[in-house]
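The next block holds one structure in the form of structure tokens; read it before the comments.
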Amino acid sequence: MGSIQLQHVNKSFGAHAVIPDASLTIEDGEFVVFVGPSGCGKSTLLRLIAGLEDTTSGEILLDGRDMTAAPPAKRELAMVFQSYALYPHMTVAQNIGFPLKMAGMDKAAIDAKVKEAAATLNLSSYLDRRPRNLSGGQRQRVAIGRAIVRQPKAFLFDEPLSNLDAALRVNMRLEISELHQQLKTTMIYVTHDQVEAMTMADRIVVLNAGNIEQFGTPMELYRTPANRFVAGFIGSPKMNFVDGAEAAKHGAAAIGVRPEHMQVSTSAGAWKGTVGVAEHLGSDTFLHVNVDGLGLMTVRTEGEKQLHHGDTVWLTPDPARIYRFDKDGRSLRAN
Amino acid sequence: MATRQTRTLARFMMAPSVIILFVWMIVPLVLTLWYSFQRYNLQHPDRAGFVWFRNYYFFLTDPAFVQAIGNTLILVVGVLLITVIGGVLLALLLDQPIWGQGIVRLLVIAPFFVMPTVSALVWKNMLMHPQYGIFAWLAQLFGQRPIPWLQDFPLFSVTLITAWEWLPFATLILLTALQSLDEDQKEASEMDGANFVNRFIYIILPHLARAITVVILIETIFLLGIFAEIYVTTQGGPGYASTNLPFLVYVQALLNFDVGGASAGGVIAVILANIVAIFLIRIVGKNLDA
Amino acid sequence: MARAASTQRKVTVTIVAWVVALVIFFPILWTVLTSFKSEGDAINISHFFQTPWSIESYFEVQSRSDYFRHFFNSVIISVGSTLLALLFSIPAAWSMAFAPTSRTRDIMMWMLSTKMMPAVGVLVPIYLIFKTLGLLDNAWGLMIVLMLMNLPIVIWMLYTYFKEIPVDILEAARMDGATLGKELVYVLVPMAVPGIASTLLLNIILAWNEAFWTLNLTAANAAPLTAFIASYSSPEGLFWAKLSAASTLAIAPILVLGWISQKQLVRGLTFGAVK
């Protein structure tokens, strides 16, 4: 139905390789998130799959068929753009029905399909409006509606939530996940937000400078990051890294400890430091501790902990949860 | 940004325009160049042949040519002076808060939309006519003898008419540029104690510099080709007193049937226009990057 | 600045501006007024506002020189050349705006440079070619010449408008299964309607007023209003009122169009260098 395979895909602009060499297999029905910092090539990769850019070399297979040279229209994929890319001169109904019209479907059938999609997305009462008269969340839904009517082989989402405010973003995140549960269609979702990646994905592709750093389930990435980049990117707040003599004690070029894997004590512990900023979130407290000789570290502790700027604390990392990296940043497994 | 397929399509979509423009430019230009080396008179088609630079020699040594070049320059420079200075002043005036600004603006830009033959005829007859024109009536009102403008000051009259046509263009563009001047900057300079003259010299004029350059270049391109105004009012006369280069070429070609000579004149006109065009293209090109 | 002083200043500036504007507009105003006079009254400037008004000049113009035939020639030539230009330029501008290559810039610059070629430089061969092809005094011939004359401006204007349309939306159409043709017809053109309309208007104005080729390539049949008006350049007795009526008729439609499109005009005439 909707498996997607990339084989040694390369995309270069002149001498500059945006994607040096990417290979990837996405199974039918999977929800895969491409995540990485801005400029890591995640959107380019999505556009290559969509057919909006062509590969410099390598193949793209959809359902096992080579589609590398096929135009977007022939790939039977649907895309939701960051800007929504709604047609401003068409009504909501016309927007949603546009792919069907392009496919040559007759008017009655289009109407029926549009109504059905609108009902799913709570858009029924807005069908005659134009996009400029809709809120951000509604526009987002129209864009999704336009994508689902065609029953594509896969959905491609390009940072679809980044133009929404925080509260709406959480809602839409749930809606998209819900949609995936209903449709069971392959979805590829691009984001720079690791929280979206962790909460939505079946599997995550972490990209950095055009390279696939790791491809795995959210918990795999969290528990066994392949390298220092993935370790630092996945998890919030970010992992603390220590190198030099302290790392050498563990037989590594660098070690990493997640903020949630450290004990805080006001009396004794491994690393002594001074509290800088304390962020009290209620449920948790994040302490930014200036550790003597090691630099700034973030640590998560329970919300009720009363620690303030200037307090002296001791941090003790959970020895089982210390990540070790070699000098190239690769993870060292098994002590 | 796009796929190879899109780029290939794009080439096909652009091709028709490129091809017709190329043909439109290159074919006549090559022919003009070719004719300019030929003895070719439509009245004496039998006496044809390659004459090298004879046409250029005759055209360039013709006293009418020297006069036409002089007239072309006077016309272009005169109109530029009037329209740029007048345009800056008018733009400054219209940028002030006034009642009925919209209507004033419409009145000022109106002459630009009047077809050249109409403006020329209206000025020739309604305004400058030595018996029935408004100017004559005004002169008599003040006890003066009416001046036969087109007889006594043909080039000045043509310059005046053309300037009237192009003043709105300069005003409109300079006004647009002026309105894009940052309000904060103006206010800051007022706070800094700059009076109007200082503000004009140090803030407004530098801001307008680019727009003024664009106005000068575009007007020059059009003014080098002024034709209808002369055709309708003076027919280049008296003598060659108001003949410019295009009109001279027209006279050679369609009145004297001297294709060779006219073509030589045409080539010279192309060379002159290209000198201006190079500068204009550079400016527009720079804008394309921004 | 104090309120009172500011109001006083506004009054002064307003008076000056209106006087200047009326002086500039005067030739047009006077022409329109004169067109409603009889020939005898038209030249009686001293009593201009006491003599009666009439519209008889308009009827005379029509019966004497068949104004409407020239008017229709003007309409056909200016609208025809504009539509032809759009047909060529919409695909070209699409290419330049949405699928630029390393050479696009040079091509655009080159197109602009063709616009700068003085018409006299090519008058002779065009005249001879048209004579050979029987296109002299032919509306089609003029339509083609004016289309070519204005094509660079039209492409440039459309390009600057297309540039403002987010490429995402065209890509969305591609994803939705639209072919290039459908992408243009259903998405790009409807979205660019304001830009296309003002391009259309400017081009009609330019073509309507073009007075080099229209004078040199037409005689009786295809002559548009520019030539019709030029035929009044040799006076025959008193013809002020008729001339005014004819002029008013020739400029009125285009003046209205010009006023409507004045904002876009700046952009079109400066190839986007001043916005």
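Letters A, B, ... mirror the listed sequences (proteins, then strands); counts begin at 1. Quick caveat, the model's predicted, so the values are computed rather than measured.
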| request: Sort out for me which of B/G100, B/G225, B/S17 touches chain C most, counting heavy-atom pairs under 4.5 Å. | output: B/S17
| query | Is there side-chain contact between C/I90 and B/M13, with at least one heavy-atom pair below 4.5 Å? | reply | no
| task | State, with a plain yes or no, whether a side-chain heavy atom of C/R9 is found less than 4.5 Å away from one of B/Q96. | result | yes
| query | Given the rule in the side-chain contact (heavy atoms from CB on, under 4.5 Å) test, do B/F227 and C/N216 qualify, once you have shown the distances and angles that lead to the verdict? | reply | CA-CA 10 Å; B/F227 175 77; C/N216 282 315; 3.8 Å; yes
| query | B/F22 versus chain C, heavy atoms under 4.5 Å apart: side chain, backbone, both or neither? | reply | both
| request: Only counting residues at least two apart or in another chain, list the ones meeting side chain to side chain donor-acceptor pair (under 3.5 Å) with B/T220. | output: none
| query | Are any non-hydrogen side-chain atoms of B/L21 and C/F88 less than 4.5 angstrom apart? | reply | no
| Atom CE of C/M111 and atom CE of B/M14: how far apart are they, to the nearest 0.5 Å? | 7.0 Å
| field | Residue among C/T104, C/T101, C/I24, C/I251 with most heavy-atom pairs under 4.5 Å to chain B | value | C/I24
| Contact origin within C/V13 toward chain B - heavy atom pairs under 4.5 Å | both
| task | Go through the atoms of B/L90 and report whether side chain, backbone, both or neither lie under 4.5 Å from a heavy atom of chain C. | result | side chain
| said: Rounded at 0.5 Å granularity, tell me how far OG1 in C/T31 sits from CG in B/L121. | reply: 10.0 Å
| field | Distance (rounded to the nearest 0.5 Å) between B/L31 CG and C/I129 CD1 | value | 5.5 Å
| At a heavy-atom separation under 4.5 Å, does C/T12 approach chain B through its side chain, its backbone, both, or neither? | neither
| Side-chain contact, heavy-atom cut-off 4.5 Å: C/W110 with B/M25? | yes
| task | Identify which of B/V249, B/V215, B/L94, B/L106 forms the greatest number of heavy-atom pairs closer than 4.5 Å to chain C. | result | B/L106
| query | Within a strict 4.5 Å, meaning less than it, do heavy atoms of the B/V232 and C/I229 side chains meet? | reply | no
| query | Taking the side chain as C-beta and beyond, is there a heavy-atom pair between B/W24 and C/I144 under 4.5 Å? | reply | no
| field | Option that, when pairs with chain B are counted at under 4.5 Å, heavy atom only, ranks first among C/F25, C/F212, C/F228 | value | C/F25
| Greatest number of heavy atom pairs closer than 4.5 Å to chain C - which of B/P28, B/G133, B/G266, B/A15 | B/P28
| Relative to chain B, which segment of C/L184 carries a heavy atom at a distance below 4.5 Å: side chain, backbone, both, or neither? | side chain
| field | Contact leader toward chain C among B/N274, B/L29, B/L224, where contacts are heavy-atom pairs under 4.5 Å | value | B/L29
| Non-hydrogen atoms of chain B under 4.5 Å away: do they reach the side chain of C/W259, the backbone, both or neither? | both
| Non-hydrogen atoms of chain B under 4.5 Å away: do they reach the side chain of C/I205, the backbone, both or neither? | side chain
| request: Could you look at B/L167 and say if it's the side chain, the backbone, both or neither that has a heavy atom under 4.5 Å from chain C? | output: side chain
| message | With rounding to the nearest 0.5 angstrom, report the CE to CG distance, B/M115 to C/L255. | response | 11.0 Å
| task | Using non-hydrogen atoms and a 4.5 Å limit, figure out which bit of B/V104 sits close to chain C: side chain, backbone, both or neither. | result | both
| Do the side chain of C/N209 and the main chain of B/P116 share a donor and acceptor less than 3.5 angstrom apart? | no
| said: So, using ring-ring contact (aromatic ring centres under 6.0 Å, His included) as the criterion, who are the partners of B/F112 when residues are at least two apart? | reply: B/W166, B/F169
| task | Using a 4.5 Å cut-off on heavy atoms from C-beta on, say whether the side chain of B/V122 contacts that of C/W30. | result | no
| request: Give a yes or no on this: more than 12 heavy atoms of other residues, nucleotides or ligands lie within 6.0 Å of atom CD1 of B/I103. | output: no
| said: Can you tell me which portion of C/L151 sits under 4.5 Å from chain B's heavy atoms? Options are side chain, backbone, both or neither. | reply: side chain
| What part of C/I155 lies closer than 4.5 angstrom to a heavy atom of chain B: side chain, backbone, both or neither? | side chain
| query | If you take all heavy atoms of C/A17 and B/L93, which pair is closest and at what distance? | reply | CA-CD2, 3.6 Å
| Part of B/W123 lying under 4.5 Å from any heavy atom of chain C | side chain
| Contact origin within C/I254 toward chain B - heavy atom pairs under 4.5 Å | both
| task | Taking C/T14 for its side chain and B/W99 for its backbone only, find out whether a donor-acceptor pair lies under 3.5 Å. | result | yes
| request: State, yes or no, whether a side-chain contact exists between C/S244 and B/M126 at a heavy-atom distance under 4.5 Å. | output: yes
| said: Please classify the contact of C/L87 with chain B as side chain, backbone, both or neither, using a heavy-atom distance under 4.5 Å. | reply: neither
| task | Report the option among B/G265, B/P97, B/A228 that has the most heavy-atom pairs separated by less than 4.5 Å from atoms of chain C. | result | B/P97
| field | Approximate separation, where rounding is to 0.5 Å, of C/L29 CG and B/L107 CG | value | 8.5 Å
| How close do C/A250 and B/V118 get, heavy atom to heavy atom, and via which atoms? | CB-CG2, 4.2 Å
